[in-house]
Amino acid sequence: MEQICEVIVDIAHANVDRLYSYLVPEGMLVFPGSHVLVPFGSGNRQREGFVIRVVEQAQAAASDETQPSVALKPLLRVIEPYPILTQEQIDLAYWMQKSYFCLLVDALRLMIPTQMRGGKVKEKIERTIQLAHPEEVDVQLSSLLDKSGKPRAPKQYEVLETLKQSRIEMAVADVLAYVPDAQSAISALVKRGYVVEGGHVTFRRPNISALTADKQVTLNATQKSAVQSIEQAMKAKGGTLLLHGVTGSGKTEVYMHAIERCLASGRQAIMLVPEISLTPQTVGLFQERFSDGIAVLHSRLSAGERFDEWRRIRLGRARVAVGARSAVFAPMQNVGLIIVDEEHEGSYQSETIPRYNALDVATFRAKQFGAPLLLGSATPSLLSYYRALSGRYTLLELPERVQNRPLPVVEVVDMRQEFQAGNNGIFSGKLAQYLSECLEKGQQAMLFINRRGYSTFISCRNCGHVVLCDDCDISMTYHKGENRLRCHFCGSVKPLPTVCPACGKPFIKYFGIGTEQVEEALHELFPKAITLRMDTDTIRTKDTMQQMLTAFARGEAQFLVGTQMIAKGHDFPNVTLVGVVAADATLLIPDYRSTERTFQLLTQVAGRAGRDENPGKVVIQTYSPAHPAIRYAREHDYKSFYHYELEQRKKAIFPPFSLFVRILFSGDDEAILHTGVNAYAEQLKLALDECLGKEGEKDILLYSASPAPIKRKQRAYRYQILIKLLRTARLSRAIQTIYTFAAEHRGEIYPMVEVNPQDML
Ligand code: ADP
Ligand code: ZN
């Protein structure tokens with residue numbers, strides 16, 4: 001019986017985002033998920049595609065009577081011998097297509113390494129050699145000797161001797177380590193027929209080195225009971241659990257023990273961590289505990305490493321996948337547990353098409369496999385905690401640090417008072433004093449500041465002019481190291497102005513503190529101390545981050561200055577002081593989540609201090625000491641913060657009580673954009689009103705069309721329609737209307753729909 005297969009062609013275009021049938025040539029093995037080459041279109045160009053279904057021809061004809069029986073084109077070939085997509089991944093792609101209104105092919109592309117498409121990366125074959133006739137090796141060795149008993153070809157002799165001793169096949173690279181420069185000697189031995197060559201597929205693995213030795217700890221009572229609950233959920237085959245544990249409460253140990261139980265039951269585990277905390281430290285720890293059973297997926301891998309790590313999972317060699325957002329698509333077939341660490345992090349929301357939320361995808365996958373989903377955080381998102389309190393999630397709590405270690409004492413310094421007292425430096429008297437005490441005791445400190453660069457804006461004291469990027473509507477940042485201005489949006493640079501570009505007067509002044517300036521101030525205050533600075537300017541290559549963290553862990557520097565990068569996940573036992581140089585920067589961002597984000601950030605940063613035997617101290621410098629985000633962070637009081645913030649959200653009907661949809665437009669001609677967006681907004685409103693009907697009249701809480709908060713980005717003007725919708729049973733219908741309308745109105749202006757955008761600027 002002939003087989004037909006249905007294929008999605010690897011072209012991201014709405015017009016071809018559907019199944020095409022092909023004939024399977026006799027003898028070709030094709031499965032759902034196979035990666036294939038097909039002739040496509042009238043010109044029969046070769047295209048890659050993914051097989052979604054395989055059916056017997058009689059069956060296909062019976063089930064599809066509408067399709068005229070045209071002669072089907074045959075498949076050209078199967079690219080990899082195994083299906084590169086699992087059935088669960090195919091089902092997931094269909095679910096994503098429905099939930100995020102994306103192309104099926106865009107969803108499928110997320111599931112395999114990009115390098116696999118177009119055959120850009122190949123398997124790495126490790127060359128090997130072994131003795132051709134081991135029983136004759138002694139004879140062969142003596143044949144290489146001259147009359148006086150000295151080897152005539154010393155390299156050949158040595159290689160043969162090495163192979164004799166090893167007795168088994170050896171990698172050429174290993175042989176060369178014993179006998180340097182023996183390449184031609186090996187060829188000669190092959191020619192003589194003494195040695196035969198071979199090869200194996202090998203897996204390129206990222207260079208993972210452990211920064212700290214794996215301590216085998218005994219779980220304390222609360223950790224044990226958390227692990228028990230997770231185990232129960234694994235037995236019950238499902239459910240979502242929220243692990244709320246203060247910083248240093250040993251959440252990572254809970255994850256690792258839960259994963260051990262999962263593996264013991266013969267199943268696999270996925271653990272997601274934010275990209276930013278996917279540090280060598282975390283990865284090293286997992287590597288030590290699970291050795292080669294883990295695969296790591298993150299953006300700092302080389303193409304070859306990514307490809308090979310993915311294949312190690314696909315081929316069942318790795319049973320634990322640790323990675324950033326996209327690891328949620330890991331090609332596993334028997335998942336028993338999915339963990340999302342730091343579940344409150346915004347980075348789980350993808351900002352590129354298709355805009356999926358890794359938490360939603362994790363929820364779907366967990367259901368697919370009958371596995372529990374474990375969310376963990378010291379500062380759970382309002383939404384997750386809300387669900388836990390309402391009983392949808394099981395709440396697990398680790399309210400104390402391990403071994404009765406105290407949470408650090410947090411002191412808040414009012415920078416207005418510092419200024420009045422005559423201190424206009426970067427450090428308050430208190431922070432400067434603690435820094436010097438820290439040095440004296442031989443301990444380490446971390447200083448957190450939200451901005452990189454030296455000064456965050458440059459303005460004229462005569463006319464007030466602020467130097468903006470030519471292409472974006474934001475101020476430029478002064479970078480002292482490279483001695484020029486840089487736009488943090490588009491990366492463009494400008495020379496330093498000596499006079500004001502607007503009024504021509506020489507009263508240019510620099511405002512706002514960045515990481516470079518903190519580093520410099522530390523150096524002035526403590527010339528002998530060594531400071532490391534970690535931000536996207538200093539972390540350029542995939543190894544610099546690791547080197548810097550290793551150096552700090554070894555005590556080669558006393559101070560670590562950095563942006564968000566240093567805020568999370570790190571566990572440095574000798575850090576006893578954490579300083580937040582300016583806590584206000586995040587509070588001032590015009591977003592309904594800025595209070596929540598500030599609280600989370602401060603709590604996380606503070607959590608870096610005093611994680612080992614020596615107690616920690618935290619100093620938060622701010623101009624708004626009474627702000628609830630700062631007050632509750634000082635008290636380490638998540639619950640009170642939660643109730644306060646939830647009350648605010650309820651009053652203003654902000655999420656989780658409502659949902660934001662933003663439709664963003666951009667274009668070079670502001671007038672066209674402006675009229676286009678207004679017309680779009682009017683028509684969409686009519687469509688929404690019709691969809692919601694009389695009963696849903698009050699569902700739309702806000703509906704506005706206006707320039708985006710940052711009106712220009714990389715030369716393009718930006719306008720937006722902002723819609724706030726009440727959470728009711730009609731919500732998904734309304735969202736569907738918005739998406740459908742967008743798909744049907746892609747004309748002169750191009751709508752980009754974002755549900756719950758992480759960034760509203
Ligand atoms: P969290 O992720 O909650 O901030 P970690 O899991 O990093 O905390 O744990 C903090 C430190 O405590 C780590 O160094 C870890 O090895 C150690 N630790 C965890 N659990 C225990 C335990 N039961 N006994 C002793 N030390 C522990
Ligand atoms: Zn710019």
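Keep in mind the model is a prediction, meaning the values are calculated, not measured. We count ligands from 1, going down the list as the structure has it; atoms in each ligand are counted the same way.
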_Glu645 and Arg649 ion-paired at < 4.0 Å_ = yes
*Can Ser428 and Gln621 be counted as having a side-chain donor-acceptor contact under 3.5 angstrom?*
yes
*Counting from 1, what ligand 1 atoms have a heavy atom of Asn220 closer than 4.0 Å?*
23 (N)
*Step through the shown structure and confirm whether more than 12 heavy atoms of other residues, nucleotides or ligands are within 6.0 Å of OH on Tyr386.*
no
_For Leu219, which part has a heavy atom under 4.0 Å from ligand 1: side chain, backbone, both, or neither?_
backbone
*Indicate, with yes or no, if the rings of Phe599 and Tyr632 have centres closer together than 6.0 Å.*
no
*Would you indicate whether Tyr623, at its atom OH, is surrounded by more than 12 heavy atoms from other residues, nucleotides or ligands within a distance under 6.0 Å?*
no
*Electrostatic pair Glu309-Arg312, nearest N-O below 4.0 angstrom*: yes
_Distance-only donor-acceptor check, side chains Gln349 and Asn357, under 3.5 Å_ = yes
*Taking only heavy atoms of Val246, which atoms of ligand 1 are found under 4.0 Å from at least one of them?*
3 (O)
*Under-4.0 Å salt bridge between Glu253 and Arg289*: yes
*Thr252 neighbourhood, listing ligand 1 atoms whose heavy-atom distance to it stays under 4.0 Å*: 2 (O), 5 (P), 6 (O), 7 (O)
*Looking only at distances, please establish whether an N/O atom of ligand 1 is found under 3.5 Å from an N/O atom of Arg611.*
yes
*Which atoms of ligand 1 have any heavy atom of Asp571 under 4.0 Å away?*
11 (C), 13 (C), 14 (O)
_Sub-4.0 Å heavy-atom approach of Gly245 to ligand 1_ = no
*Using heavy-atom distances, let me know which of Thr218, Val402, Thr222, Asp612 sits nearest atom 21 (C) of ligand 1.*
Val402
*Of all the atoms in ligand 1, which lie at a distance below 4.0 Å from a heavy atom belonging to Thr247?*
4 (O)
*Could you tell me if any non-hydrogen atom of Val254 lies under 4.0 Å from any atom of ligand 1?*
no
_Which segment of Arg401 sits under 4.0 Å of ligand 1 when only heavy atoms are counted_ = neither
